[in-house]
Amino acid sequence: MLKNNLRLLVEFIVIISGVLLSFYIDDFRELQNKKLEKDILIGELVITAKEDLKQIQNLKRDLMKVQGNIQIFLEDTNDNRKDMADKQIAINYLFISEKMSVSFFPQDGIFTQLISTGSLELIESSTLKNLLLRNFTHYLDRNQANNRTLDDLYLDFVNNVDPFIAVTSKDVQDASFIYTDRIVDSYSIDSEYYLSNKFKAYLSSANTMVGKNIDMLNLFEKSYNQILELANKA
């Protein structure tokens, strides 16, 4: 009787151990698969972060040129005289009106995948996790708010400035569609409006908002560089 009980106990222990071992192996395999998926997503994140940095640098270049053109107008009208030729005014204004509202759209698809697959929790670096959360939540929300404000200001330009500083344009041959550079086709400059305080007020507002956009891009640029540095070590 005792031997039978011992045999049954041993068999029970063996069965339970086998079941537990099977669960452990399955859990271990699943964890390894998740870690592999996390590593793949981090690799893709590095690629998109580099692409976003290039976009940021291009946008900053254009926005700083927008500010430069605004400053040229403000300096030209400071003495209530128009010294610039109409064609040059048209060229500068075309660049301002077309580039001032071009927005930055971070590629957040990989971050969304990191969240949905649970891969974000597998990232060992808490600093990297915090950077990703800040970059694709807080900064993203602020950036969208900036974009909406710039869009509204652009509409003000279209409705209130364009009738007086009217510039038609055409595409540069073989230029890309989204961030294409356009050239002046025809123009009509109202000198009185060009020298008006109303135009100066619009220019000053645009200069301020473009400056805020550049500041936002600088935050993104710093964040992406930190993400890349830590992601390459992950």
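Position 1 is the first residue of the sequence; numbering continues from there. This one's a predicted model, so the numbers in the text were calculated from it and none came from an experiment.
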Taking the six-membered ring for Trp and the single ring otherwise, decide whether the centroids of Y194 and F164 are under 6.0 Å apart.
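Here the rings of F164 and Y194 have centres that are no less than 6.0 Å from each other.
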Cation-aromatic face contact K87/Y187, 6.0 Å, 45 degrees:
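Here K87 fails the 6.0 Å and 45° test against Y187.
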Which distance, rounded to the nearest 0.5 Å, do you find between the [atom1] of [X] and the [atom2] of [Y]?
X    : Y    : atom1 : atom2 : value
N78  : Q71  : CG    : CD    : 9.5 Å
L195 : T77  : CG    : OG1   : 6.5 Å
L150 : L63  : CG    : CG    : 8.0 Å
L230 : I227 : CG    : CD1   : 8.5 Å
N213 : L59  : CG    : CG    : 8.0 Å
S125 : E229 : OG    : CD    : 10.5 Å

Indicate the atoms forming the closest heavy-atom contact of [X] with [Y], along with that distance.
X    : Y    : result
P163 : V158 : CD-O, 3.7 Å
L203 : I70  : O-CG2, 3.6 Å
L153 : A206 : CD2-CA, 3.4 Å
K212 : N146 : O-ND2, 3.7 Å
D108 : L140 : OD2-CD2, 3.8 Å

Do [X] and [Y] sit in one hydrophobic cluster, given that two such residues count as connected whenever their side-chain heavy atoms are within less than 4.5 Å of each other, even indirectly?
X    : Y    : value
L155 : V161 : no
M64  : M100 : yes
M209 : V102 : yes

Would you check if the side chain of [X] reaches a backbone N or O of [Y] as a donor-acceptor pair within less than 3.5 Å?
X    : Y    : result
K198 : N160 : no
N69  : F95  : no
N232 : L228 : yes
N143 : Y139 : no
S169 : D185 : no
D76  : D83  : yes
T149 : A145 : yes
S223 : L219 : no

Derivation and outcome, side-chain contact (heavy atoms from CB on, under 4.5 Å), residues R61 and K65:
CA-CA 6 Å; R61 179 199 62 211; K65 187 174 178 181; over 6 Å; no
Could you go through I110 and I42, starting from their C-alpha distance and side-chain angles, then the distance that decides it, and tell me whether this counts as side-chain contact (heavy atoms from CB on, under 4.5 Å)?
CA-CA 8 Å; I110 302 302; I42 290 295; over 6 Å; no
Thinking salt bridges, do E124 and K129 make one under a 4.0 Å N-O criterion?
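The answer is no: the pair does not qualify as a salt bridge.
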Under 3.5 Å side-chain donor-acceptor pair for Y93 and D162:
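Yes, a side-chain donor-acceptor pair sits under 3.5 Å.
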Just checking, is any N or O donor in the side chain of N92 or Q88 under 3.5 Å from an acceptor N or O on the other one?
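A donor-acceptor contact under 3.5 Å links the two side chains.
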Can you find a heavy atom in the side chain of [X] that is under 4.5 Å from one in the side chain of [Y]?
X    : Y    : answer
S97  : V167 : no
Q55  : D52  : yes
K38  : T117 : no
L94  : E98  : yes
N197 : K200 : yes
L133 : H138 : no
F73  : I89  : yes
I96  : V210 : no

Please step through side-chain contact (heavy atoms from CB on, under 4.5 Å) for the pair E37 and Q113, ending with a clear verdict.
CA-CA 10 Å; E37 184 178 27; Q113 285 184 266; 6.0 Å; no
On the 0 to 90° scale, with breaks at 30° and 60°, tag the Y224-F136 ring pair as parallel, tilted or perpendicular.
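Judged by the thresholds at 30° and 60°, the geometry between Y224 and F136 is perpendicular.
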Under the criterion ring-ring contact (aromatic ring centres under 6.0 Å, His included), which of Y154, Y193, F157 is the partner of Y202?
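Testing Y202 for a ring-ring contact (aromatic ring centres under 6.0 Å, His included) against Y154, Y193, F157 leaves exactly one candidate, F157.
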Could you walk me through whether K50 and L53 satisfy the side-chain contact (heavy atoms from CB on, under 4.5 Å) test, starting with their C-alpha distance in whole Å, then the side-chain angles of each, then the deciding distance to 0.1 Å, before giving a yes or no?
CA-CA 5 Å; K50 289 179 179 178; L53 273 174; 5.5 Å; no
